[in-house]
Protein chains: 2
Amino acid sequence: MAQKNKLQFIILGLLNQQPLTGYDLTKAFDTEIGEFWQAQHSQIYPQLKRLEEQGYVTHEVTVSGAKLEKKLYHVTPAGGDLLRQWITVGTPDLTATKDEFILKLYFIQTNRDPRLPGMLQEQLQLHTDKLAHLQRRLATVFPDEALIKDHFGHYLILQHALGREHYYVDWLQRTLAALP
Amino acid sequence: MAQKNKLQFIILGLLNQQPLTGYDLTKAFDTEIGEFWQAQHSQIYPQLKRLEEQGYVTHEVTVSGAKLEKKLYHVTPAGGDLLRQWITVGTPDLTATKDEFILKLYFIQTNRDPRLPGMLQEQLQLHTDKLAHLQRRLATVFPDEALIKDHFGHYLILQHALGREHYYVDWLQRTLAALP
DNA sequence: TGAGTCATGTAAAGAGTTACATGATTAA
DNA sequence: TTAATCATGTAACTCTTTACATGACTCA
């Protein structure tokens, strides 16, 4: 095995909230959890097929319009068990954050490198934008505090991502300000 | 292409600091930059071969002891150009942080979930350990402030990783404390 | 009627991990 | 002499991305 196929668990988790099509799942990877995992439809459709073969999900075909067929996937009891199991076992492996910018920084020798201000400024822009995006998203998903109660995990990770970006922006600003 | 082969640039960057063997490079991925990228020797040796075929590195064979051959790799001028080019172009793509624990959290519905305290505590332990490890590492690599001058990038990313872990630990503690 | 989106798949290739395989050197 | 480390490679497999391919629906 190369990794551990986390994709299958994420799909199970998303389907466990509500039945979805492969297309819906693909969109969820852009918006809902795009902050923490990404997957294309070319990975999702085959995975759904495998999950169904293994008995963890089933699908029903619905028709919209004249003949467009949609496959709406549901989690089976066995799929629910698998999901609960994954969440319940420990998570002792911290994956390295693969941040290309940070890698480039590593190879900069001195604080006089003329590329440094530009590099930091570019990242500052990117992370400021991302921070703003997350702020909008928090306001969209949780317009009312009462909603947090039944989507506590979602709230937590949005809030975590927000804090993380806040730190990143802060750090970039401090680093820029300290440059000669 | 699947990604963009960042590994080749990291290898060039490491070799640019000093000639190294494949074995040395493998170790560097555990210690030096393990925080930001990981690679096994099974990926490194073939990549070195490709870089040499493309003229970006060369190697000389040295013999230690009676017959153990080591291949010491150097960056060629073309390799140096490629490295500079990579560092100089923009880095506009922010990769999603693939944090398995955060993913699991997403699927927790309520703050009463009995698994929540245990999950958070486990991560608190892991990230506290990592924070301590980074602190030791900063003290080891930069025992004297004068050393920062010529290894500015290395200093920056260590300091960045430290701040990041600090935030993570803080967030876990705050989240744990806010639990009912 | 045309553009944008909805919807589902497969193919090809590269990136990354785990396992297989071998042998030399060093220090206890 | 033996265990740990140094040293280099390949094989098999999985994960991930990009590209190829097709067709229906909706709204302006």
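Chain identifiers are assigned alphabetically (A, B, ...) following the order of the sequence lines, protein sequences preceding nucleic acid strands; residue numbering begins at 1 within each chain.
OP1 and OP2 of D:dA7 both lie 4.0 Å or more from every side-chain N or O belonging to B:Lys67. A:Tyr23 has no side-chain polar atom (N or O) that falls below the 4.0 Å cut-off from OP1 or OP2 of C:dT8. The shortest distance between the side-chain N/O atoms of B:Lys98 and the OP1/OP2 oxygens of D:dT16 is below 4.0 Å. Contact annotation: B:Tyr45 side-chain N/O to D:dT8 OP1/OP2 distance is under 4.0 Å. Listed pair A:Gln40 / D:dT16 fails the phosphate criterion, with no side-chain N or O lying under 4.0 Å from OP1 or OP2. Residue A:Lys71 has a polar side-chain atom (N or O) positioned under 4.0 Å from OP1 or OP2 of C:dG9. Distances shown here put every side-chain N or O of B:Lys70 at or beyond 4.0 Å from the OP1 or OP2 atom of C:dA24.
Side chain to side chain, B:Gln125 and B:Asp129 meet the donor-acceptor criterion of an N or O pair below 3.5 Å. For the residue pair A:Asp24/A:Thr21, the side-chain donor-acceptor check at 3.5 Å is satisfied.
One interatomic measurement links the two molecules: CD1 of B:Ile11 to P of C:dG16, which rounds to 11 Å at whole-angstrom precision. The nearest whole Å value for the distance from the CG atom in B:Asp30 to the C1' atom in C:dT17 is 14 Å. Atom CG of B:Asn5 is separated from atom C1' of D:dT18 by 16 Å (rounded to the nearest Å). Rounded to whole Å, the distance from NE2 on A:His41 to P on D:dT16 is 16 Å. Whole-Å rounding puts the B:Lys4 NZ to D:dT18 C1' distance at 15 Å. Atom CG in B:Leu25 sits roughly 15 Å away from atom C1' in D:dG9 (whole-Å rounding). Counting to the nearest Å, the P atom of D:dA7 and the NE2 atom of B:His59 are 15 Å from each other. Rounding to whole angstrom units, CD of residue A:Gln43 and P of C:dG16 are separated by 14 Å.
By the 30° and 60° cut-offs, the orientation of the rings of A:Phe101 relative to A:Tyr168 is tilted. A:Phe36 and A:His160 have tilted rings, their planes meeting at an angle from 30° to 60° on a 0 to 90° scale.
Ion pairing of B:Arg84 with B:Asp81 is present here, as a side-chain N (NZ or NE/NH1/NH2) and a carboxylate O approach within less than 4.0 Å.
Heavy atoms of A:Lys6 sit nowhere under 4.0 angstrom from any nucleic acid atom.
With hydrogens and angles ignored, a donor-acceptor pair closer than 3.5 Å exists between the side chain of A:Ser42 and the base of D:dT18. Put simply, the side chain of A:Thr21 and the base of C:dT8 share no donor and acceptor less than 3.5 Å apart.
DNA chain D is contacted by both B:Ser64 and A:Leu7; B:Ser64 maps to the nucleotide lying nearer its 5′ end (nearest heavy atom per residue).
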